[in-house]
Amino acid sequence: MAAPIPARRPRSPIEDGAFTRAAFILIAIGFIALFLLLPLITVFAQALSHGVGEALAAFDDPDARSAIRLTFLVAAIAVPLNVVFGIAAAWSVAKFDFPGKSFLVTLIDLPFSVSPVIAGLVYVLIFGLQGWLGPLLRDHNIKIIFALPGLVLATVFVTFPFVARELIPLMTDQGRDEEEAAVSLGASGWSTFRRVTLPNIKWGLLYGVLLCNARAMGEFGAVSVVSGHIRGLTNTMPLHVEVLYNDYQYVGAFAIASLLALLALVTLVVKSFLEWRYAGEIAAVHRH
Amino acid sequence: MSLVVESVAKRFSRFPALKGVSFTAPQGAFVALLGPSGSGKTTLLRILGGLEFADLGQVTFDGVDWLSVPARERRAGFVFQQYALFRHMNVAKNIAFGLNVRPRRTRPSRAEIARRVEELLHLVQLEGLGKRYPNELSGGQRQRVALARALAIEPRMLLLDEPFGALDAKVRKDLRVWLRALHNRTGITTIFVTHDQDEALELADFVAVMNAGRIEQIGTPGDIRATPASPFVADFIERSAANAKVVALPSRPAAPLRLH
């Protein structure tokens, strides 16, 4: 009797050697550590370099407090606006066919491709004292540039794509069927939106809002152009960091920067927690 | 007291989906719209449900100018091909939807809605599954939830878009018998879209054979079998007869392979 021929060890067709695998993992971890983790640690280390007391002292400064308040205020206005715009844009792209649809999708991405500084400059050109609407606004005593409305406008521009981008693929994927079913069962437009559309997109919407908020609080370029850097009045947190840094107040600058970084980290933690906590529900909504 | 469809036409940009369709069905009839894909049968159904608007033509139902009634006021129970269940709601909530969205004045009490849901779950033979979510159900079960949801609003008309299209042959046969029994009990005027000849001929009181945006022939299954009005109808029904023979062979498996 012939001896059984040993079969070749079964290997997954996409399996690579141990060395390749290790190399890829090392590259990924090394890159993340060097370019993402290290700067983050430096920020906190610099802030605490003269002790916790000195770092906290940076927040006693009225200008710093004003910057923190202003940042939250701008985000609190800009984010809800972009939630409304984002849902409206995603809704029209995902649920309707109309001429110029692909152009609209391209437009939504515009803030991603245009430098934020240019966005700021455009607003100055339109609303600034020498701008198109400058004289009109001055006559009616309305301040947009170098004031809160300008900061909000610039932030809305820069953060516009986050909610819409998150929702478009989700809503396209879900189609119109459930909304049609709701209407045929007697639901009004608003009722359909509240009971059917919104619950189906709520997780995507939440991610969009979190990302939008993180960017709204961290935006520098566009805001810098329209702010005018009036301390205690139109400086947001990122701008205040720059001011302090240029004044050689390193501890203060890094203390404020740490707060910004912490806010971003909290955003990420909240997102991960929600993903973990509601994993089942998220899967149910995304697949049928 | 009947459904009268008069020269309804509909065009999607370039493509004419319906080129003037007319038929009449008595109140309580079970009508099948039979035809290949692209023949306009689903478009006609969606127009009857108010989900699509006709370019031309008129529909009268129960003495009412049906096309001028908005979709949400038609009380036309629509059952979608892919069920379109609300995926974030459990079965009971799905069924209760049409009652829960009524304005407060006409909305039944919470207890009454719960009772109606139980009743409907019993009717569609899904007792005890009210707490399940759609993604935890089989295709046949989802289809019955969709039917229960449509029946909950006490529809004046039941519109079924290929209701068994996504199911395997065995479940399809069972549901077919069940649906016919349900119709006999409720007597709701039912329009039913299918591309399956057997299904149409076996289930319906009247079959409308559609082709390229027109009704080629409408009549009882017996009429259509006996005297097909055009070569197209004859061809369509012949294929059905051939299928029936295949099924009849004892050695064949219960589910004949069909290409759609």
Side-chain angles (χ1 to χ4, degrees), chain A residues 87 90-92 94-103 166-167 169-208 274-275 277-288, chain B residues 12-13 45-46 48-52 69-90 93-103 106-107 132-137 139 142 145-161 166:
Chain A
I87 291 177
W91 179 287
S92 37
K95 312 261 171 179
F96 301 107
D97 286 316
F98 52 90
K101 182 162 140 175
S102 53
F103 183 61
E166 194 72 43
L167 292 184
L170 187 61
M171 287 173 108
T172 309
D173 186 46
Q174 289 176 348
R176 275 191 290 226
D177 278 12
E178 287 184 46
E179 276 88 3
E180 286 183 348
V183 169
S184 81
L185 291 166
S188 63
W190 168 245
S191 188
T192 301
F193 177 74
R194 193 171 59 83
R195 289 166 185 268
V196 177
T197 311
L198 203 55
N200 274 342
I201 61 168
K202 70 177 171 193
W203 295 111
L205 186 61
L206 186 70
Y207 297 158
L274 290 171
E275 270 173 353
R277 173 70 182 72
Y278 295 100
E281 199 182 319
I282 293 168
V285 171
H286 281 246
R287 259 176 276 121
H288 214 10
Chain B
F12 292 111
S13 54
L45 195 78
R46 288 173 60 84
L48 291 175
L51 302 175
E52 214 80 72
V69 183
R72 57 177 291 228
E73 286 164 26
R74 283 189 197 188
R75 265 180 41 220
F78 205 106
V79 175
F80 294 80
Q81 189 172 4
Q82 299 298 330
Y83 323 124
L85 296 177
F86 306 124
R87 56 192 107 186
H88 62 285
M89 294 181 201
N90 64 27
K93 285 265 165 58
N94 261 285
I95 296 175
F97 185 88
L99 301 173
N100 280 328
V101 295
R102 281 196 194 161
T106 54
R107 192 191 311 156
R132 295 269 190 96
Y133 281 84
N135 65 343
E136 299 168 332
L137 300 177
R142 285 182 205 181
V145 174
L147 259 165
R149 184 176 69 175
L151 290 169
I153 60 169
E154 290 166 323
R156 288 191 274 187
M157 180 192 278
L158 205 49
L159 303 169
L160 311 172
D161 187 8

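Chain A is the first sequence line, chain B the second, and so forth, proteins listed ahead of strands; every chain is numbered from 1.
A donor-acceptor pair is defined here as one N or O able to donate and one able to accept, closer than 3.5 Å; such a pair exists between the side chain of B/R142 and the backbone of B/P134.
Scanning both residues, B/A71 and A/V183, for their nearest heavy atoms gives CB-CG1, 3.8 Å. Minimum heavy-atom separation, A/S184 to B/F78: OG-CB, 3.8 Å.
For chain B, no part of A/T192 is nearby; none of its heavy atoms comes within less than 4.5 Å. The parts of A/R195 that come within reach of chain B are both its backbone and its side chain, each placing non-hydrogen atoms under 4.5 angstrom from that chain. For B/A150, the part lying under 4.5 angstrom from a heavy atom of chain A is the backbone only. For B/R102, no part sits under 4.5 Å from any heavy atom of chain A, backbone or side chain.
Side-chain contact check for A/E178 and A/N200: at least one donor-acceptor pair (N or O, by modelled atom type) lies under 3.5 Å.
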